[in-house]
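In what follows, chains carry the letters A, B, and so on, assigned in the order in which the sequence lines appear, proteins first and then strands, with residues in each chain numbered from 1. No hydrogens, no waters, no symmetry mates; every other heavy atom, side chains included, goes into these values. Everything numeric in this text was worked out from a predicted model, so none of it was measured.
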Amino acid sequence: MAYWLMKSEPDGYSIDDLERDGVEPWDGIRNYQVRNMIRDDMAVGDMALFYHSACKTPAAVGIMTIVSEAYPDPTQFDASSKYFDAGSDPDNPRWLLRDVKFERKLAREITLKELKAHPELQDFQLNKRGNRLSILPVSEKEWSLILGLEKAPAS
DNA sequence: GCCAACGTTGGC
DNA sequence: GCCAACGTTGGC
């Protein structure tokens, strides 16, 4: 089983929205590297951190599971969607997505600041300069380190 | 294939 | 709002 971190802007779709919806198609991926990851490297049963990005307090806020295979993102064919891609061929869709399922919120937000300060997370991709991918792989060790922080008091 | 211009992400 | 770091586009 693999672990992931998936970013979402809470103003657009937050952990509370996922808690309400239960299962949700993770649409809007428009980066080939990320598409390849969800197509080739992700698997049903993988676990992912829900991460709030581009907001006041960027932080990991919850846990979800991957519950579907990769399938075409319908928003790429929806002319009224901001994710519409006129260049995508319906017979060979360019953009894929997977469904994710809400598992639980973290007991507390684990902020980017805290992750960056962690001595054992210096190689974590989220902490790397110039990282702009909306989905990142998380190693098993990183996963347990991050979840270990959940039970520690906020620093 | 090179590279400048432009667009996007996302922390700050 | 600013800006660094990319990715993409398109002329050549």
Exercise. For Arg35(A) and Leu96(A), work out which heavy atoms get closest and say how close.
Key: CG-N, 4.2 Å
Quiz item: Where is the tightest heavy-atom contact between Tyr51(A) and Ala60(A), given as atom of each residue plus distance?
Solution: CD1-N, 3.7 Å
Practice problem: Could you check whether Lys116(A) gets within reach of a base, just the sugar-phosphate, or nothing at all, counting any heavy atom under 4.0 Å? | Solution: sugar-phosphate
Quiz item: Met42(A) and Ile135(A): side chain to side chain contact (heavy atoms under 4.5 Å, CB included), yes or no, with the steps?
Solution: CA-CA 11 Å; Met42(A) 226 174 226; Ile135(A) 298 182; 4.1 Å; yes
Quiz item: Looking only at heavy atoms, what is the nearest atom pair of Thr57(A) and Glu109(A), with distance?
Solution: CG2-OE1, 3.9 Å
Practice problem: Let me know the distance between CG of Leu126(A) and P of dG10(B), rounded to the nearest Å. | Solution: 10 Å
Quiz item: Which heavy atom of Leu97(A) sits nearest a heavy atom of Ile38(A), and at what distance?
Solution: CA-CD1, 3.6 Å
Practice problem: Can you sort out the partners of Thr75(A) under side chain to side chain contact (heavy atoms under 4.5 Å, CB included), two or more places apart, ordered by chain and number? | Solution: Asp27(A), Arg30(A), Asp73(A), Ser81(A), Tyr83(A)
Self-check item: Value in whole Å for how far the P atom of dG10(B) lies from CD of Gln125(A)
Solution: 13 Å
Exercise. May I have the distance from Leu5(A) (atom CG) to dT9(B) (atom P), rounded to whole angstrom?
Key: 16 Å
Quiz item: Any chance the side chains of Ser88(A) and Gln76(A) put a donor and an acceptor closer than 3.5 Å?
Solution: yes
Quiz prompt | Spacing between Leu115(A) atom CG and dG10(B) atom C1', to the nearest angstrom | solution = 15 Å
Considering only distance and modelled atom types, tabulate donor-acceptor pairs under 3.5 Å from the side chains of residues 142-152 of chain A, sequence neighbours left out.
{"residue": "Glu142(A)", "atom": "OE1", "partner": "Ser139(A)", "partner atom": "N", "Å": "2.9"}
{"residue": "Glu142(A)", "atom": "OE1", "partner": "Ser139(A)", "partner atom": "OG", "Å": "3.3"}
{"residue": "Ser144(A)", "atom": "OG", "partner": "Glu140(A)", "partner atom": "O", "Å": "3.1"}
{"residue": "Ser144(A)", "atom": "OG", "partner": "Lys141(A)", "partner atom": "O", "Å": "3.1"}
{"residue": "Glu150(A)", "atom": "OE1", "partner": "Arg104(A)", "partner atom": "NH2", "Å": "3.1"}
{"residue": "Glu150(A)", "atom": "OE2", "partner": "Arg104(A)", "partner atom": "NH1", "Å": "2.7"}
{"residue": "Glu150(A)", "atom": "OE2", "partner": "Ala107(A)", "partner atom": "N", "Å": "2.7"}

Practice problem: Calculate the interatomic distance between His52(A) atom NE2 and dT9(B) atom C1'; express it in whole Å. | Solution: 17 Å
Mind listing the N/O atom pairs, protein and nucleotides 6-8 of chain B, below 3.5 Å?
{"residue": "dT8(B)", "atom": "O2", "partner": "Arg132(A)", "partner atom": "NH2", "Å": "2.7"}

Exercise. Measure the shortest side-chain to side-chain distance between Phe124(A) and Leu5(A) over non-hydrogen atoms and say whether it is less than 4.5 angstrom.
Key: yes
Quiz item: For Leu136(A) and dG11(B), what is the distance between atoms CG and P respectively, to the nearest whole Å?
Solution: 11 Å
Quiz item: Of the residues in residues 28-37 of chain A, which ones touch DNA chain B at a heavy-atom distance under 4.0 Å?
Solution: none
Quiz item: dG10(B) phosphate, OP1 or OP2: any side-chain N/O from Lys7(A) under 4.0 angstrom?
Solution: yes
Quiz item: Does the ring centre of Tyr13(A) sit less than 6.0 Å away from the ring centre of Trp26(A)?
Solution: no
Quiz item: Just how far, in rounded Å, is P of dA4(C) from CG of Asn127(A)?
Solution: 20 Å
Quiz item: Of all residues at least two apart in sequence or in a different chain, which pass the ring pair (Phe, Tyr, Trp, His ring centres under 6.0 Å) check with Tyr32(A)?
Solution: Trp95(A)
Under 3.5 Å, N/O pairs linking protein and nucleotides 1-3 of chain C:
none

